[in-house]
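To start, the structure itself, in structure tokens.
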Amino acid sequence: METKPTTKKSIFKNLTVQIVIAMIFGAILGIFIHNNYIEEDAKSFSDKIKMLATVFIRLVQMIISPLVFTTLVVGIAKLGDIKAVGRIGGKALGWFFSASLVSLLIGLFWVNTLQPGVGLKLGNVDLTTAAEVTEKTEGFSAQNFVEHIIPKSIIEAMANNEILQIVIFSIFFGLAAASIGANAKPVVSALDKTSHIILKMVNYVMKFAPLGVFGAIAGVFAIKNVDELLVTYAKFFSSFLVGIGSLWLFLLLVGYIFLRGSMNLLLKRIVSPLIIAFGTTSSEAVFPKLTEELERFGVKDRIVSFMLPLGYSFNLDGSMMYMTFASIFIAQVYNVPLTTETQMIMLLVLMLTSKGIAGVPRASLVVVAATCGMFKIPIEGIALILPIDHFCDMFRSATNDLGNAIATSVVGKWEKDN
């Protein structure tokens with residue numbers, strides 16, 4: 001009797017495995033180029049290979065605006081009333097501000113305990129590299145904060161992928177649709193079908209993720225002398241890893257307290273998005289994939305579509321921890337004394353100002369530069385951390401997505417229990 005051969009799904013078809021392999025080969029190729037080619041050729045290679053990452057990130061950015069708009073409008077329309085939106089929104093903001101405060105305090109604690117900047121002398125620091133970041137701090141004010149929250153045009157907001165502005169418009173649109181009732185059903189139904197089409201597009205776009213990660217990693221390692229950087233910045237980077245590790249422990253502990261046994265399943269679902277965020281240094285790059293995985297985990301689509309967009313503006317835990325850490329590190333290097341009271345004021349300033357720069361490239365560095373200026377810390381000190389910032393950003397981005405995944409899952413559980 002003939003037996004049919006059993007077919008096993010190859011491990012290499014798993015997206016997470018593909019991304020890890022891409023990271024390893026990207027690092028190997030980048031290091032080979034760095035060690036065997038002159039600086040000019042290595043820079044040229046880096047610029048070209050990074051185009052793979054650019055293509056992937058732009059593909060993701062292409063679908064973020066329509067995904068946020070359609071899913072959020074449908075979710076709010078299904079909620080049906082302002083009370084439900086207010087209830088979920090209240091829980092979300094309460095969680096976000098609590099998590100942000102803890103993240104800032106963790107950064108504050110470890111930078112004061114380990115003091116990575118005390119006695120540090122960094123020679124040959126290129127101050128001109130900080131110009132791009134410090135220029136963005138001009139006009140950093142309450143007006144800037146409002147402009148990043150309230151859209152003057154939804155078309156402009158979508159074109160610039162200003163997630164928070166899209167959220168504001170979508171909330172008004174969804175509430176209006178819910179208040180109209182049956183007459184709005186054709187529009188809501190059409191948007192619902194559109195959101196499912198866009199989520200299907202996510203599957204296609206994610207097939208490019210390993211290539212994007214490969215390009216990003218290879219491009220960085222081709223132009224960075226990693227050994228030299230890690231030796232020069234050993235104390236700063238190791239202290240930062242202690243801080244980010246503490247934040248991970250806190251987030252995971254809170255997740256296990258609220259989600260209990262299902263926390264393991266959540267981690268299994270989000271491991272792929274976290275690795276993508278780590279490899280591309282972009283929290284935004286995994287927004288669509290994280291949306292899909294959280295819904296597969298069991299969080300209702302209306303909760304995911306409401307929580308995640310808000311989280312990307314209000315709940316960047318890894319970035320928050322880094323802001324206090326980097327700001328005080330620069331003060332330590334320049335021997336600028338900061339009393340406990342001053343540091344507490346700095347923490348509150350960071351809590352507020354960080355909410356107004358969603359969508360700004362290198363947002364964490366922009367806020368750090370602006371904070372240094374406010375507290376009479378030499379703003380050019382931003383150049384001290386630029387050489388190592390990419391590697392810090394890998395951990396920040398993954399932490400941001402972990403925090404948002406846990407926040408969304410916990411609020412989803414609270415709503416399910418009500």
Side-chain angles (χ1 to χ4, degrees), residues 60-96 143-202 205 283-284 287-292 294-295 299-316 355-360 404 407-408 411-412 414-415 418:
V60 173
Q61 290 172 331
M62 172 182 74
I63 57 180
I64 285 178
S65 292
L67 179 63
V68 171
F69 175 68
T70 55
T71 55
L72 187 50
V73 169
V74 172
I76 291 173
K78 286 179 179 177
L79 286 174
D81 60 70
I82 295 177
K83 286 183 181 178
V85 175
R87 184 182 69 247
I88 297 171
K91 290 176 181 176
L93 292 177
W95 181 284
F96 293 161
Q143 181 179 344
N144 181 272
F145 177 81
V146 172
E147 287 174 355
H148 275 90
I149 292 180
I150 310 298
K152 63 179 179 182
S153 164
I154 185 57
I155 305 300
E156 181 186 51
M158 286 186 166
N160 295 325
N161 269 336
E162 291 280 4
I163 294 178
L164 190 53
Q165 294 185 6
I166 299 169
V167 168
I168 296 295
F169 179 85
S170 301
I171 290 173
F172 278 98
F173 193 99
L175 289 173
S179 67
I180 291 174
N183 289 332
K185 278 187 178 178
V187 175
V188 174
S189 177
L191 290 174
D192 192 17
K193 290 179 174 62
T194 303
S195 70
H196 283 91
I197 293 171
I198 295 167
L199 284 171
K200 186 66 178 176
M201 289 173 65
V202 172
V205 170
S283 304
E284 191 181 63
F287 179 92
K289 182 66 174 174
L290 199 55
T291 298
E292 183 182 54
L294 287 172
E295 289 181 5
V299 185
K300 292 181 180 177
D301 56 355
R302 62 188 177 88
I303 304 295
V304 175
S305 61
F306 188 82
M307 287 287 298
L308 270 191
L310 280 178
Y312 272 80
S313 294
F314 287 96
N315 193 46
L316 301 177
K355 310 305 180 190
I357 45 87
V360 174
N404 279 322
T408 302
V411 172
W414 286 343
E415 284 299 301
N418 283 344

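- With rounding to the nearest 0.5 Å, the separation of CD in Q165 from CD1 in I154 is 8.0 Å.
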* Please report the C-alpha distance between L72 and V167 in whole Å, then the side-chain angles of each, then the deciding distance to 0.1 Å, and finally whether the side-chain contact (heavy atoms from CB on, under 4.5 Å) criterion is met. => CA-CA 7 Å; L72 187 50; V167 168; 3.9 Å; yes

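- Atoms CG and CZ, on N404 and F96 in that order, are 6.0 Å from each other to the nearest 0.5 Å.
- Note: L67 CG to I198 CD1 = 6.0 Å, rounded to the nearest 0.5 Å.
- A heavy-atom distance below 4.5 Å is not found between the side chains of I76 and F173.
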* Go through R302 and I88 one step at a time and tell me if the side-chain contact (heavy atoms from CB on, under 4.5 Å) criterion holds. => CA-CA 10 Å; R302 62 188 177 88; I88 297 171; 3.8 Å; yes

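- P288 places none of its side-chain heavy atoms less than 4.5 Å from the side chain of E292.
- Summarising the geometry, atom CG belonging to L308 is positioned 9.0 Å from atom CD belonging to E295; distances are rounded to the nearest 0.5 Å.
- In this structure, I63 CD1 and F287 CZ are separated by 10.0 Å, a value rounded to the nearest 0.5 Å.
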* To do: Apply the test side-chain contact (heavy atoms from CB on, under 4.5 Å) to residues I166 and F169: give CA-CA distance (whole Å), side-chain angles for both, the deciding distance (0.1 Å), then the verdict.
  => CA-CA 5 Å; I166 299 169; F169 179 85; 5.9 Å; no

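- Atom-to-atom distance recorded for L93:CG and N315:CG is 10.0 Å, nearest 0.5 angstrom.
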* **Steps toward side-chain contact (heavy atoms from CB on, under 4.5 Å) verdict (I171, F306)** => CA-CA 9 Å; I171 290 173; F306 188 82; 4.1 Å; yes

